[in-house]
Every structure is written in C-alpha cells, then in structure tokens.
There are 6 protein chains.
Amino acid sequence: MSEFTHVDEFGHATMVDVSEKSITQRVAKARATVKTRPDVIDAISSGRLPKGDVLAVARVAGIMAAKKTHELIPLCHPLPIEQIEVNFNIKEDEIELQTNVKSSAKTGVEMEALTAAAVTALTIYDMCKSTDREMSITNIRVIEKDGGKSGHYIFKEENP
Amino acid sequence: MSEFTHVDEFGHATMVDVSEKSITQRVAKARATVKTRPDVIDAISSGRLPKGDVLAVARVAGIMAAKKTHELIPLCHPLPIEQIEVNFNIKEDEIELQTNVKSSAKTGVEMEALTAAAVTALTIYDMCKSTDREMSITNIRVIEKDGGKSGHYIFKEENP
Amino acid sequence: MSEFTHVDEFGHATMVDVSEKSITQRVAKARATVKTRPDVIDAISSGRLPKGDVLAVARVAGIMAAKKTHELIPLCHPLPIEQIEVNFNIKEDEIELQTNVKSSAKTGVEMEALTAAAVTALTIYDMCKSTDREMSITNIRVIEKDGGKSGHYIFKEENP
Amino acid sequence: MSEFTHVDEFGHATMVDVSEKSITQRVAKARATVKTRPDVIDAISSGRLPKGDVLAVARVAGIMAAKKTHELIPLCHPLPIEQIEVNFNIKEDEIELQTNVKSSAKTGVEMEALTAAAVTALTIYDMCKSTDREMSITNIRVIEKDGGKSGHYIFKEENP
Amino acid sequence: MSEFTHVDEFGHATMVDVSEKSITQRVAKARATVKTRPDVIDAISSGRLPKGDVLAVARVAGIMAAKKTHELIPLCHPLPIEQIEVNFNIKEDEIELQTNVKSSAKTGVEMEALTAAAVTALTIYDMCKSTDREMSITNIRVIEKDGGKSGHYIFKEENP
Amino acid sequence: MSEFTHVDEFGHATMVDVSEKSITQRVAKARATVKTRPDVIDAISSGRLPKGDVLAVARVAGIMAAKKTHELIPLCHPLPIEQIEVNFNIKEDEIELQTNVKSSAKTGVEMEALTAAAVTALTIYDMCKSTDREMSITNIRVIEKDGGKSGHYIFKEENP
C-alpha cells in the first residue's frame with residue numbers, strides 16, 4: 001500500500017509530509033502538444049496575426065498557472081517558485097511547447113511544470129477554437145527533472 | 001484576420017464582446033486520458049487502495065478547476081456554472097475520463113469542460129507519480145457541445 | 001440513496017444540476033459564536049482598542065469570504081451575490097455574529113452565509129489569539145432562509 | 001494595548017512583523033464537530049453512500065482550504081505548508097474531525113489548522129443539508145501546538 | 001450619513017444591497033498613465049524589444065485583473081463581465097492606457113475598469129523597473145460610464 | 001536587449017531566474033494619493049462616518065492585495081511576506097497613503113508595496129464614489145527600498 005505517497009495508512013488522501021526533507025534546488029521540464037490544422041498554424045505564426053500574440057497570451061497564462069498549481073492540484077505543496085519559462089516549437093500542424101520550472105524546495109516541481117504546460121495549451125486552444133473546432137491537446141508529460149533524493153532524471157521518449 | 005475571435009482589429013488580444021448575445025442553455029463534454037501501467041491501474045481501482053479514493057480526489061479537483069476556468073484562461077468569461085460532472089472509464093493501462101459542464105450563458109462552456117478534464121488528469125498524475133514516473137496525459141478534446149448559434153455539435157473521433 | 005443531492009447514482013460526488021431551476025430571490029442568515037474571556041471582550045469593544053477595529057477587520061473578512069464560497073466548498077455553484085451583511089452582538093464572554101446574504105439565483109445561499117460566519121469568527125480568533133489561547137468557535141448554523149421551492153423557513157433554536 | 005499583536009500603536013490593524021523571528025518547525029492540531037441526526041450519520045458512513053465519499057470530498061476541501069488561509073484571514077502570513085491531515089471520528093449523531101498542519105515557518109499554523117477544520121465541517125454540511133436542515137457546527141478550537149517561543153502546548157478540554 | 005452607499009446605518013461597512021435593482025447593460029472606461037523616460041519608451045515600443053511584448057503581457061494582466069475585482073475590492077459585487085479591452089497610447093515619456101469593460105448587471109463596472117487600468121500599469125512598471133527605478137503611475141480615473149439609473153456620463157478632464 | 005530583466009533572449013516574456021540569488025531581508029515602501037473634495041474628506045475622517053471605517057476597510061484590502069501580488073502581476077515571484085503596513089495622511093482634499101512591506105527573499109518587494117498602495121486607493125475610491133464621481137488616484141510610486149545587491153535606496157521626490 002505504501003508506495004502511493006499521497007495515501008495514508010487507512011487509504012485516505014493526505015499531503016505527503018515533507019517536513020523532514022531538506023531544501024534542494026529543484027528543476028522540472030514538461031511538454032504538451034496542441035494539434036490543429038496547417039492554416040491555423042500559419043495564421044498564428046506568420047501571417048494574419050501580429051507575430052507572437054497568441055503565443056504571448058498563452059505564455060503568460062502558463063506562467064501564471066504554474067504559480068497556482070497548489071490551488072488546483074489538491075495534494076500539492078505551495079512552493080517558492082524561482083523561474084518559469086514557456087517556449088514553443090511550431091510545426092506544420094501542431095505546436096509543441098516546453099515548460100521549465102525552478103524552485104528551492106523540499107519537494108519537486110513536476111506538477112508546476114505540467115500545470116504550466118496544460119494551461120498554456122488550453123489557452124492556445126481557447127484562442128483558436130473559433131477557427132478549428134477539432135483541435136486536441138496531447139502528450140503532456142515530464143521530460144526531465146532534477147533535485148531531491150532521486151537526482152537528475154531524463155524521461156523516456158513516448159514515441160521513439 | 002477576423003476569424004480569430006479573441007484578437008481585435010490591431011491584432012491585440014481581447015475578450016470577445018458577448019454583450020449582444022442572448023443567454024441560452026450551454027452544454028459541453030470533454031475527454032482526457034491518463035496513460036500508465038496496468039499495475040498502477042490495479043492499485044487505483046481495485047486492490048491496495050480503498051475503492052475510489054484517487055478518483056474521488058481527482059474528481060473534486062476537476063470540479064473545482066472548472067469553476068476557476070476564467071482565472072486560468074485569460075480571455076474566458078466568468079460564467080454561472082450550473083453543473084459539473086466527472087466520470088471515469090478504467091481500462092487496462094489507462095484511465096479515460098469525461099467531463100460534462102452546463103451553464104445558462106452568452107457563450108459556450110468548452111473551456112470549462114476542458115479545464116476540468118485537464119486538472120482531473122493532472123491530479124491522477126500527481127497521486128500516482130511516485131509509482132510511475134513515465135505517465136502521460138493525452139487526447140484532451142471536446143467531444144460534444146450544445147447551445148448558442150451553432151447548436152448541437154458532435155466532434156469527430158480522433159482515432160476512428 | 002437519492003436523498004443526498006450531491007451524490008450521483010453511482011455514489012460519486014457531483015454538483016447538483018440546477019440548470020432546470022428558475023431564478024428566484026434567495027436570502028439566508030447564519031450565526032456563529034466566538035467564546036473568549038470577559039477581559040478580551042472588554043479590550044475589543046470598549047477600552048484599549050479603538051472602537052470597532054477588530055470587528056471591522058473581521059467583518060471585511062466575512063464579506064470577502066462569502067464571495068469565495070464556491071472556491072472553498074467543492075460542490076457549491078458560483079452565485080451572483082447581491083448583498084452580504086455581518087453584524088455583531090457583544091456579550092459578556094462571547095461575541096455572537098450574524099450574517100445575511102442575498103442573491104437572485106437558481107440555488108440557495110446558505111453556504112455563503114455560513115462561510116461568511118465561519119471566516120468572520122476565525123478572523124476574530126486570529127486577532128485575539130495572542131491574548132486568549134483557549135478561545136473556541138461554536139454554534140455555526142443557518143437561522144433563516146427564503147427563496148426557491150421550499151420558501152421561507154425559520155430554523156429551530158439550538159438551545160431553547 | 002500591546003497585548004493585541006495584530007494592532008499597531010494607533011489601534012489600526014496590521015500584520016505582525018515576523019521578520020526578526022527564526023524559522024522553527026511548527027505544528028498545530030485543531031478540531032471541529034458537525035452535529036446531525038443518527039440517520040444522516042448512517043447514510044454517510046456505512047450504508048447508502050459508498051464508503052467514505054462525503055468524507056473524501058470534505059477532506060480534500062479541508063486540505064485545500066488550509067492552503068488558502070492567508071487569503072481568507074486578512075492578517076495571516078503566507079506560510080510554506082508541509083503537511084495537512086484531516087481525520088474523522090464518527091459518532092452516533094455527530095462527526096468529530098481533527099486537522100494536523102506542519103510548516104517550517106516564522107509563525108504558527110493554528111489558523112491553518114482551524115481553517116481546514118472549519119471548511120471540512122462546512123463541506124460536510126453542504127453535502128448533507130438537503131437531508132438535515134438543522135445541522136450545526138460546534139467546538140472549533142485548537143487542541144495542540146508546537147514550535148516557536150512558546151514551545152509545546154496542550155489546550156484545555158472544553159467539556160471535561 | 002446615508003450618502004455613503006457602502007456604510008450601513010451604524011456606520012459599519014456593508015455591501016450595497018442591489019437585489020431590487022434591474023439588470024441593464026453597463027459600460028465603464030478608465031485611464032491610467034505610466035510615467036517613465038523616453039529611452040524606456042523607445043525600448044518598449046519600437047526597437048530592442050519585439051513589438052508589443054511588454055504591452056502584450058500588461059494587457060493580459062489587466063484583463064485578468066478585471067475579473068478579480070470583487071476579490072480585491074472588499075465591497076464590490078461579483079459581476080458577469082462580458083468584455084474587457086485594454087488599449088495603449090504611447091507618448092514620448094509616458095504610456096497612457098485605457099480600459100473598457102461591459103457587463104449586464106445590477107450595478108456598474110467602474111471598479112472593474114479601474115482595477116484593469118491599475119494592474120495593467122503595475123505590470124508595465126514591473127517589466128521595466130530594472131531599467132527605470134523612478135517610474136510612477138498617475139491619473140487613474142474613470143472617463144465614461146453608461147447604464148443604470150444615472151445613464152450616460154462623461155467625466156471631466158483632469159487637466160483641461 | 002538584456003537590460004530588461006523580464007524578457008528572454010528572443011524577446012519573449014519570462015520570469016527572472018532568481019534561483020542563484022541569496023535570501024536577504026527585503027523592505028519596500030510605496031505611496032499613492034486619492035484626490036477628492038474637502039467635504040468627502042470631512043465625511044471620511046471626522047464627522048458623519050464612525051472614525052476610521054472607510055480607512056479600516058481600505059487598509060485590510062491593501063494588506064490582502066499585497067499577498068496576491070504574484071497572482072496579479074504575471075512575472076512576479078511568490079514571496080514569503082513578513083509584514084505589511086498601510087498608513088494614511090489625511091489632507092484637505094486628498095488622502096495620501098503609504099505602504100511598507102517586508103520579506104526575507106531572493107528578490108525585492110516593490111511590486112507588493114505598489115500593489116498594496118494601488119488596491120488601498122481603489123478601495124477608498126469604491127467606498128466614496130457615490131459621493132464624488134470625479135475622484136482620481138495619482139502618484140503611485142516606490143519611495144524607498146532595501147535589501148539585495150543594490151542595498152538601501154531612497155527614491156527621488158516627484159514634486160520637489
């Protein structure tokens with residue numbers, strides 16, 4: 001039973017007690033992909049929209065969401081976030097985005113990186129949904145983490 | 001240019017002006033899938049965890065997140081949400097979840113349904129990540145919407 | 001099973017679907033009592049503290065908390081609150097407080113009135129706890145409600 | 001005048017200046033009781049509701065509320081909360097609940113423990129109010145605290 | 001005494017009771033000015049920064065802040081905001097900004113327009129403060145409002 | 001380009017990475033002025049309103065807003081705020097207010113002091129706007145800061 005760290009001995013949800021852990025520099029990187037049509041990508045990235053505006057709004061949304069992670073995910077600890085970056089890789093019919101979060105904390109920042117990735121993607125969806133109703137968001141996952149007992153860890157590629 | 005309803009005539013982001021629209025009954029349904037290992041599914045659904053607790057926490061998180069949609073997605077309007085449901089379909093190595101949101105409003109509730117789906121999935125991830133570091137969240141999308149000018153709409157299946 | 005309106009047919013928590021209800025004028029009044037020592041009451045109400053400041057802060061906290069009810073209580077609907085009042089009845093060794101909330105809504109505002117009462121009481125506790133560590137908060141309950149199908153209802157006195 | 005630590009020399013409310021205090025391990029435990037009818041207790045705990053669901057939702061609400069304490073109680077400091085636990089003691093006609101909060105901080109976590117207790121109780125109320133309109137919440141109080149200058153402290157029983 | 005609509009008969013703060021008012025289309029426009037140096041204006045608007053990025057972030061911040069008005073200003077009612085626009089007028093050594101808010105509501109949206117203006121200005125300040133420590137924000141005021149009993153109103157120019 | 005610390009090498013907004021900075025005691029003081037008519041000042045400060053109530057509500061609003069700074073200003077870091085003070089200087093036709101914020105942090109608290117000042121001023125505006133529609137808020141600026149690399153800094157007077 002005890003492998004699930006958010007569940008106490010009676011099976012009830014609880015926050016992990018991190019009071020005895022030491023503070024280390026934490027880093028986590030996450031990804032998400034927004035799938036859409038090539039003409040929507042064109043409109044976002046180069047032509048009919050001023051450069052970067054959809055992405056600028058989505059980036060701000062992702063950064064602000066990372067700071068709200070502990071309000072959204074019930075068992076997350078509030079952490080003193082020290083940096084949040086959101087970057088985009090524009091492809092033919094999808095936007096891949098990557099987030100990077102740092103904190104000096106007793107627990108990791110994977111959830112902050114994932115929350116930033118999810119909300120950045122949702123914001124792109126919101127701003128383009130009138131043009132493409134069939135968009136979807138896929139492949140939200142952690143790609144790298146560092147800090148704490150487990151040290152540096154590179155995650156497997158989903159689609160090698 | 002004008003097809004992007006969140007971007008004004010100078011290309012700057014703005015909320016869509018819904019003041020002239022009429023209030024209709026809005027419904028939106030969305031999906032998300034959490035991919036993990038069969039042994040994690042087993043632990044969640046039937047054996048070493050009291051029935052439903054991970055899912056109970058995730059469901060509450062999804063419901064609460066839907067109510068925060070306009071705080072997370074910058075250009076969303078605050079809406080008087082009238083119902084939020086989150087249901088799960090447990091498969092061998094993944095959990096598929098579906099959200100259902102209703103509101104009597106001047107604009108649709110797709111973003112509320114999607115936000116609930118994303119945060120429900122992130123919460124499952126958070127509660128199981130100590131057991132499976134390689135989880136991912138995929139296929140977040142709207143599957144059905146109703147209300148407003150465009151009426152009832154069933155979305156295409158992603159993988160027919 | 002069905003008498004519990006927040007629990008769906010499979011026993012899982014869900015918001016009550018209020019989409020088919022009609023909007024009526026809703027009112028709810030709630031009470032709470034903070035129990036402390038007479039010398040603390042003296043300090044708050046008349047002597048060593050400027051008149052009303054502890055109560056002024058507590059009143060603001062209660063009003064602001066009522067507006068956050070749907071963020072705190074997972075299955076509450078967001079409601080367009082139209083008035084919140086917080087009043088105090090200072091007794092020898094306790095402060096009784098009453099809240100009054102109004103909304104034109106599809107569901108009642110008992111939880112808003114109760115949340116305002118609880119947070120007003122907690123704020124009094126916070127501001128006086130360095131003086132009296134043994135304070136307690138009791139008797140939080142609804143005393144009157146109006147609106148909706150059940151109409152006007154006066155609650156029983158707890159201690160007749 | 002100076003015994004009220006949240007009031008400055010002119011009687012105006014202010015946060016306590018904790019900048020000169022040192023960080024120590026803080027613990028606080030609080031209680032609350034929800035009074036209802038035996039048949040409601042039966043429905044919650046053993047029969048017509050799947051085991052633990054009302055309590056599961058209430059527990060999540062309490063945990064999330066503890067993290068919002070500084071947003072609800074005006075003069076509370078934001079603290080790096082390290083653990084929040086909510087446990088229930090089901091009696092014949094009431095549910096007694098206990099919260100336990102830890103933080104490494106310059107000030108105590110009594111308000112976090114009390115806020116968690118109050119919101120857990122309010123959530124139980126919300127989920128059962130359609131069945132029992134006459135519920136009440138009583139006896140919200142701190143039962144134990146540790147950390148800081150005053151050290152370990154066990155509070156008096158209210159009803160010995 | 002009664003001319004102060006947020007203060008009850010005993011002088012205590014309270015929300016205005018708007019329950020008897022009728023819903024009308026509300027509009028409010030507000031302004032704010034950020035004063036800085038010409039070289040900072042240059043960097044923001046045309047040269048060393050990609051066009052619009054500081055302003056894009058500030059615009060998003062203003063829009064999101066308008067939706068939080070009732071959480072920031074204690075006696076404001078939560079309103080169903082239907083549009084928020086933020087526009088900039090770049091001058092030699094200052095940025096003048098204007099907000100425009102619409103809602104169908106029982107009370108006006110001046111505070112929403114002012115809050116959007118203030119937070120947009122604060123965000124510009126934040127993003128430029130490492131370059132110019134002596135910036136200031138001035139002349140935050142309502143310039144036009146419409147809706148409700150008082151109808152259309154054009155405010156006086158501050159500096160005729 | 002690099003002088004703008006919130007903009008990354010490609011011109012996109014990002015949080016400043018403070019992970020390598022050391023924690024020092026930070027202080028910032030800010031000001032704002034609410035301009036109104038002498039009769040409104042009279043009503044607020046001495047006659048028809050109980051002493052201090054408008055200012056008491058505004059002070060609480062400012063204190064609570066400082067704690068929300070990182071939720072309002074997109075690129076601000078969440079900081080462990082240790083003190084917030086709000087004081088008023090009542091003049092013939094304006095209220096000048098000063099805020100004072102402390103934190104032990106890796107970055108400064110100017111934005112917290114400014115946000116507290118802006119929201120305190122907005123709250124005064126809200127509570128008096130039914131009496132004076134032509135109020136304005138001016139001269140929001142930092143007046144002093146301490147901590148971090150740049151040490152103690154006294155800002156220039158705007159109107160010497």
Side-chain angles (χ1 to χ4, degrees), chain D residues 1-28 63-84 101-112 114-116 118-119 147-149, chain F residues 23-29 44-45 50-72 76-90 95 97-106 108-109 112-113 115-116 119-120 123-124 146-147:
Chain D
M1 160 101 39
S2 62
E3 79 218 57
F4 283 82
T5 54
H6 285 133
V7 178
D8 70 17
E9 59 184 320
F10 303 106
H12 300 135
T14 186
M15 285 177 89
V16 175
D17 184 349
V18 299
S19 59
E20 302 298 321
K21 291 189 175 183
S22 51
I23 292 173
T24 64
Q25 179 64 47
R26 307 287 181 155
V27 179
I63 289 170
M64 294 180 87
K67 295 188 274 188
K68 286 181 189 288
T69 302
H70 65 284
E71 297 176 38
L72 293 168
I73 312 300
L75 305 178
C76 277
H77 299 81
L79 300 179
I81 292 176
E82 293 172 347
Q83 192 198 21
I84 309 162
V101 177
K102 292 187 189 173
S103 179
S104 298
K106 293 187 174 184
T107 188
V109 286
E110 299 101 303
M111 294 315 301
E112 282 72 14
L114 287 166
T115 300
V119 173
K149 271 192 192 164
Chain F
I23 292 174
T24 64
Q25 179 65 46
R26 309 285 181 156
V27 180
K29 298 181 184 181
I44 292 171
S45 63
K51 184 174 168 289
D53 237 23
V54 167
L55 301 184
V57 175
R59 177 183 276 119
V60 174
I63 289 170
M64 294 180 87
K67 294 187 275 187
K68 286 181 190 290
T69 301
H70 66 284
E71 298 177 37
L72 293 168
C76 278
H77 299 80
L79 301 179
I81 293 176
E82 293 172 346
Q83 191 197 23
I84 309 162
E85 264 189 343
V86 180
N87 289 300
F88 300 101
N89 182 10
I90 313 286
I95 298 174
L97 62 96
Q98 182 173 321
T99 62
N100 187 1
V101 177
K102 292 187 189 173
S103 180
S104 297
K106 294 188 174 183
V109 286
E112 282 73 12
T115 300
V119 173
T120 303
T123 302
I124 294 172
D146 198 8

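Naming convention: chains lettered A, B, ... in sequence-line order (proteins, then strands); numbering from 1 in each chain. These numbers were taken from a predicted model, which means no experiment stands behind them.
The NZ atom of D/K21 lies 13.0 Å from the OG atom of F/S104; values are rounded to the nearest 0.5 Å. One distance of note links CD of F/E82 with OG1 of D/T107; it measures 10.5 Å at 0.5 Å rounding. Between the CE atom in F/M64 and the CE atom in D/M15 there is a gap of 10.5 Å [rounded to 0.5 Å].
In this structure, the portion of F/I63 lying under 4.5 Å from any heavy atom of chain D is its side chain and not its backbone. For chain F, no part of D/I23 is nearby; none of its heavy atoms comes within less than 4.5 Å. Within the 4.5 angstrom heavy-atom criterion, no atom of D/L79 approaches chain F.
Looking at residues two or more places apart in sequence or on another chain, you find a side chain to side chain contact (heavy atoms under 4.5 Å, CB included) between F/Q98 and F/K29, F/R31, F/I143.
Within the 4.5 Å cutoff, the side chain of F/Q25 has heavy atoms near those of the D/S19 side chain.
When every heavy atom of D/H77 is checked against every heavy atom of F/I81, the shortest pair comes out as CD2-O, 3.5 Å.
Counting only distance, with no hydrogens or angles, the side chain of F/K67 and the backbone of D/P74 share a donor-acceptor pair below 3.5 Å.
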